[in-house]
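What you are looking at is a predicted structure, and each value in this text was computed from that prediction instead of being measured. Residue numbers start from 1 in every chain, and the chains themselves are labelled A, B, ... in the order their sequence lines are given, proteins ahead of strands.
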Amino acid sequence: MPLRVYNTLKKDYEIFSPINESQVGIYMCGMTVQDRPHLGHMRTFLFGDVLRRYLEYKGFEITYIQNFTDIDDKIIEKSRKEGIDWRALGDKNENEYLESAQKLNIKPATYYPRATQFVEEIIEMVQLLIEKGFAYESGGSVYFEVSKFKGYGKLSGKNLEDLKESFRIESDPGKKNPFDFALWKAQKEGEPYWYSPWGKGRPGWHIECSVMSAHFLGQPFDIHMGGQDLIFPHHEDEIAQAEAAHNVQFVRYWIHSAPMLLKGEKMSKSTGLYFAAKELLEQYSPESIRLFILQKHYRSPAEYMQEYLDEAERALYRIKNFLESTPSIENGVVNENYVEKFQRFMDDDLNTPAAVSLIFDLIREGNQKLANGEIPTEEKSTLLLLLEVLGFNISNLSTKKPEVDLIKELMEVILDVRQLLRKNKHFQLADEIREKLEQLGFKIKDTKEGSVFEF
RNA sequence: GGCGACGUAGCCAAGUGGCCUAAGGCGGCGGUUUGCAAAACCGCUAUUCCCCGGUUCGAGUCCGGGCGUCGCCUCCA
């Protein structure tokens, strides 16, 4: 069965068919590392992870590129304000992203290119655009001349006339047209810089993605993903420069995920309205966050409230409970009926909420079998397959604590009881417990502060 | 102002012309289990899909209008 996805470029569903038969290139527009990753980012990247896993499940080999844009106005501004080096700021946020992604069981990208590693190639591309007449230099900066690229607006559905009317921001005096965008920015006093044919400066936003995606995946490549908020201007501009420079289509399928909302507003770094991924992961299990996100379709804006994660946590508990109440199995036979439904839902523009509903259907059927004294091996092995493809970390889906923790907690209980016995002068029983524990290898010491043990 | 998305049970949320007398989760209610509880499990929980018209043999699903919410229009995942 073919996968059908919504392609922003066509504003319609399309059957996905990659350039190469068995190999798919995906470019996920990653973070500009000016700030900490929040739940909204995680929604986008977690969805990318599910698309990737599903394509892998369907037998494709995936090259997955996710960039870090590590030089830009905001990074410079913010590092100044915080009084730290711009590279240190970027590294910090990048690491925080990587740690959160790992906890969320998001598969690592094949490569994580950074803008600053591609300055040479960026300069080459800017030169090419000048040579081809699509870009011009002005005061040490280089701008892409939007009116020269006739397809401008094809992704976002905007046209230059409409844009002119809606123009709200004061234009840079060096630009011919207010919508011309910087390919290269001249250095201002005290800013980081690289040498270029136009003097000291740094890459503009947008150009790094065109360069790095083509570097790893070629042009055209299959899938470019990111948040809907990147459609304009970021992705529109990527298309313009890439297609102007190389004269071939840039990307075949553009897949955009909807924003995470908080109190009815988009969760955003700039408004300060966001929940950092790191803190959320300290409060909630990664699987409950994944479940919460997958229970909504990726193209619908999703409101965030703490109680939604509480709900997901409770729902997750049902999954854990079922997995634990059934014997472990290996290579069990799966229920083809369920697998077929699962594929049908996922093939329909990644309908993860429908796919997740199958998880609970399986659990209900499995529990019914358990109640009748049967062992639901088929339900369990099917469930494990679905959980795997949806990216749940199966080994985390256990309510069982690590044994070390468990032993400590058990000992605490035993020692508390024993303390009570000693207090009430039941020394014989207390001593007996101590001896029995010693036989098991636990050495008990009764100190003034209470009892401690060694193992 | 321009472009776009959406409005389904108490809440979250699938469903895009007939298997919908509308999935799934949370909550609520009833039951099984239990010394009692908790937990767990099972069952029930929208005659109806924002409102008003229209198309059609047939509409939550298509079209027009209205009301409301949200996103984008060079900070953005």
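- OP1 or OP2 of B/C42 sits under 4.0 Å from a side-chain N or O of A/N367.
- Judged by Watson-Crick or G-U wobble contacts below 3.5 Å, the nucleotide B/G30 has B/C42 as its partner.
- OP1 or OP2 of B/A14 has at least one side-chain nitrogen or oxygen of A/S300 nearer than 4.0 Å.
- The residue among A/M42 and A/A312 whose nearest nucleotide of RNA chain B is located toward the 5' end is A/A312.
- Among the protein residues, A/D229 comes within range of the nucleic acid bases, having at least one heavy atom under 4.0 Å from a base atom.
- Between A/D349 atom CG and B/U16 atom C1' the separation is 12 Å, expressed in whole Å.
- Both A/D72 and A/E307 sit near RNA chain B, but only A/E307 has its closest nucleotide nearer the 5' end.
- Judged by distance alone, with hydrogens and angles left aside, A/E311 brings a side-chain donor or acceptor within reach of the base of B/G25, the pair sitting under 3.5 Å.
- For the OP1/OP2 pair of B/C26 and a distance below 4.0 Å, the side-chain nitrogens and oxygens of A/R318 include at least one atom meeting the criterion.
- Considering only side-chain N and O atoms, A/W205 lies under 4.0 angstrom from the phosphate OP1 or OP2 of B/C76.
- If you measure from atom CZ of A/R299 to atom P of B/C6, you get 8 Å, rounded to the nearest angstrom.
- Candidate nucleotides B/C75, B/A40, B/A14 were compared by shortest atom distance to the side chain of A/N321, and B/A40 ranks first.
- In terms of phosphate contacts, A/Q368 brings a side-chain nitrogen or oxygen within less than 4.0 Å of OP1 or OP2 of B/G43.
- Straight-line distance from the CD atom of A/E303 to the C1' atom of B/C11: 12 Å, rounded to whole Å.
- Between A/F181 and A/Y152, the ring planes lie parallel to each other; the angle is under 30°, not in the 30° to 60° tilted range.
- With hydrogens and angles ignored, the 3.5 Å screen pairs no side-chain donor or acceptor of A/N335 with any backbone N or O of A/E378.
- Between B/G25 and A/R314, no contact under 4.0 Å exists linking OP1 or OP2 to a side-chain N or O.
- Shown here, B/A14 forms no base pair; nothing in the strands shown gives a Watson-Crick or G-U wobble contact with both key distances under 3.5 Å.
- If you measure from atom CD of A/Q306 to atom P of B/C11, you get 20 Å, rounded to the nearest angstrom.
- Within the 3.5 Å criterion, the main-chain N or O of A/L104 finds a donor-acceptor partner in the side chain of A/R290.
- The two atoms that bring A/I123 and A/W198 nearest to each other are O-CH2, 3.8 Å, heavy atoms only.
- The interatomic distance linking A/L370 (CG) with B/C41 (P) rounds to 10 Å, in whole Å.
- Applying the Watson-Crick and G-U wobble criteria (two distances, each under 3.5 Å), B/C3 pairs with B/G71.
- Distance A/Y143 OH to B/U74 C1': 12 Å, rounded to the nearest Å.
- Across the strands present, B/A59 finds no partner; the criterion is a Watson-Crick or G-U wobble pair with both atom distances under 3.5 angstrom.
- Rounded to whole angstrom, the span from the CZ atom of A/F232 across to the P atom of B/C3 amounts to 15 Å.
- Rounded to whole Å, atom P of B/G71 lies 14 Å from atom NZ of A/K158.
- Among the heavy atoms of the strands, none lies under 4.0 Å from A/S325.
- Because its NZ or CZ atom is not both nearer than 6.0 Å to the ring centre of A/Y64 and within 45° of the ring axis, A/K107 does not count as a cation-pi partner of that residue.
- Checking the phosphate oxygens (OP1, OP2) of B/G25, a side-chain nitrogen or oxygen of A/R364 falls inside 4.0 Å.
- Contact check for A/T44 versus A/M28: side-chain heavy atoms found under the 4.5 Å cut-off.
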